[in-house]
Number of protein chains: 2
Amino acid sequence: MALKAEARPRSKTRDRVLQVALALFNERGADRVTTAEIANAAGINEGNLYYYFQKKEQLVMALFDFFAAAMLATAETPIEDPSEPLSYTNYQRGWFKLMWDYRLFYRDGPALRGMAPRLRESLAELTGRGQQAVRRLFGLMRQHGFMRATDDDIEVLIGNLWIVSSYWMDFRLIEHGAPVAPEDLAWGFRQVERLVRPYLTERAVLMDEVPQV
Amino acid sequence: MALKAEARPRSKTRDRVLQVALALFNERGADRVTTAEIANAAGINEGNLYYYFQKKEQLVMALFDFFAAAMLATAETPIEDPSEPLSYTNYQRGWFKLMWDYRLFYRDGPALRGMAPRLRESLAELTGRGQQAVRRLFGLMRQHGFMRATDDDIEVLIGNLWIVSSYWMDFRLIEHGAPVAPEDLAWGFRQVERLVRPYLTERAVLMDEVPQV
DNA sequence: GTCTATAATGAGATAGAC
DNA sequence: GTCTATCTCATTATAGAC
């Protein structure tokens, strides 16, 4: 099981390192943060950092474990009321909160995989489970008459949803120069919503509201 | 003008370096190729490489100039017969050929921007011009009754088209492990085609054919 | 223009004292 | 568990001979 939490015993210092690393990565980009900076920001010495994480890869993987748990919780959040269209919008909101909290994994994916090659297969596994959850969700929407799409439509749609969701932050960075900010979430939310819209029935209300973060 | 060709006089060695660097980057990934390897593959000494390109960034930017020219040529290729649906499919084929020939810029974008920070603004400019060409294309399709979409629909669609086109290779790499191969082009082609399909009218034939590369 | 050196970086990683 | 000090190593970059 690739997504289990780490085995090593808990420690306040260790937790602080992870917390600080997550913040630094999220803020400045994973490729612009060195182990020295992380140790410094955590108030410990660089040598001490290596007591907890012998390789930078281990640090990244530990962060990924948190992300994986959060993503699965998000993906498998049950729809409050499947007969109420707004419930699905709320579900989508959950995804965008996740993207923001762990934006290092969305924005800096390639850089992180450079630091931690093992990340690739963990990501593949997680992606599979996340997509399965979305697949079930669309099944539910069809049942309730909110969606009209063939199985094939849905497979292609899920692929495109995943790509747009995973990379819109990097795309936005290129176009705007500035790193992605909370205000940009509405843009991404809208792009994703429009992917789904062509397959919604008249029964479904518009789902292009601005997400709360 | 950021997209002009370089000013330095031509030279066989210089051309060979660029050609070899493009091939190596395309093949192995931009972040896995060192200047030493490039010089070696070009049959010259590492010191000599720095006679032509004082910084690795200059090498990347020179490659980008080729890419930019090819991309603009692709984007602005006139539609052979705007009243013939297949012409638009051919246009899309052109894009996928470009993606393959310069896949380093699609697959290794973040790594390249790490090597050459100036790339970001050049990419932004190029993206803008490319999107403008696609915008005109959709206008043409509307004129000929192949497309039914509001201006707003088209703006969102272009954003999603750009994201899926730009990042599907990286996504595919995560899911499959293996680097993207020519066979995968059909998958990407299909994902892109399905983004557009909901806005096509009955007059437009299906455009989901497999691209030739 | 091309080569042989050799420097200069800058990061990750470790050994061993406390 | 934490620190100081040091090492390794890949890479970019330059100086100067030919």
Side-chain angles (χ1 to χ4, degrees), chain A residues 6-22 24-25 27-64 104 108 110-120, chain B residues 6-25 27-64 104 108 110-119:
Chain A
E6 67 289 346
R8 198 179 274 272
R10 286 160 191 270
S11 131
K12 277 194 177 177
T13 302
R14 185 189 148 91
D15 287 346
R16 201 170 62 248
V17 167
L18 286 171
Q19 189 184 339
V20 158
L22 177 64
L24 281 176
F25 282 162
E27 194 183 327
R28 296 226 313 274
D31 43 351
R32 291 188 189 177
V33 179
T34 67
T35 50
E37 286 173 302
I38 294 170
N40 192 20
I44 64 171
N45 187 278
E46 199 174 347
N48 191 14
L49 178 63
Y50 278 84
Y51 170 76
Y52 294 103
F53 303 100
Q54 287 76 9
K55 308 237 171 206
K56 196 175 187 181
E57 177 163 23
Q58 294 174 13
L59 179 57
V60 172
M61 292 309 290
L63 288 177
F64 177 79
L104 80 161
D108 311 321
L112 288 168
R113 296 200 303 274
M115 297 176 192
R118 298 195 313 123
L119 197 58
R120 218 226 75 242
Chain B
E6 66 290 346
R8 201 178 273 272
R10 285 160 191 272
S11 132
K12 278 194 176 177
T13 301
R14 183 190 149 90
D15 287 346
R16 203 170 60 249
V17 167
L18 285 172
Q19 190 183 339
V20 158
L22 177 63
L24 282 175
F25 283 163
E27 195 182 327
R28 295 225 314 275
D31 43 351
R32 291 188 188 176
V33 179
T34 67
T35 50
E37 285 173 303
I38 294 170
N40 192 20
I44 64 171
N45 186 279
E46 198 171 346
N48 191 16
L49 177 63
Y50 278 82
Y51 169 75
Y52 293 104
F53 304 99
Q54 288 76 8
K55 307 237 172 205
K56 197 175 186 181
E57 176 163 23
Q58 293 175 14
L59 179 58
V60 172
M61 292 309 289
L63 287 177
F64 178 79
L104 81 161
D108 311 321
L112 288 168
R113 296 202 301 275
M115 297 175 191
R118 297 194 315 123
L119 197 58

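In this text, all values refer to a predicted model and were calculated from it rather than measured experimentally. Throughout, protein chains are lettered first and strands after them, A, B, ... in sequence-line order, and every chain is numbered starting at 1.
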**OP:** Take nucleotides 3-18 of chain C nucleotide by nucleotide from the 5' end and write B, S or -, depending on whether a protein heavy atom sits under 4.0 Å from the base, only from the sugar-phosphate, or from neither.
**Re:** BB------SSBB----
Subject >> Greater than 12 external heavy atoms within 6.0 Å of R16(B)'s CZ >> reply: yes
Subject >> Whole-Å distance separating the CG atom of L49(A) from the P atom of dT4(D) >> reply: 14 Å
**OP:** For a side-chain contact (heavy atoms from CB on, under 4.5 Å) with L49(A), tell me which candidate from F53(A), Y51(A), Y52(A) qualifies.
**Re:** F53(A)
Original post:
In chain order, what residues pass the side-chain contact (heavy atoms from CB on, under 4.5 Å) check against A116(B), with sequence neighbours excluded?
Top reply: E57(B), V60(B), M61(B), L119(B)
Original post:
Has R118(B) got more than 12 heavy atoms of other residues, nucleotides or ligands less than 6.0 Å from its CZ?
Top reply: no
**OP:** Take the protein atom CG of N40(B) and the nucleotide atom C1' of dT2(C), then report the distance between them rounded to whole Å.
**Re:** 15 Å
Subject >> More than 12 heavy atoms of other groups within 6.0 Å of R32(A) CZ >> reply: no
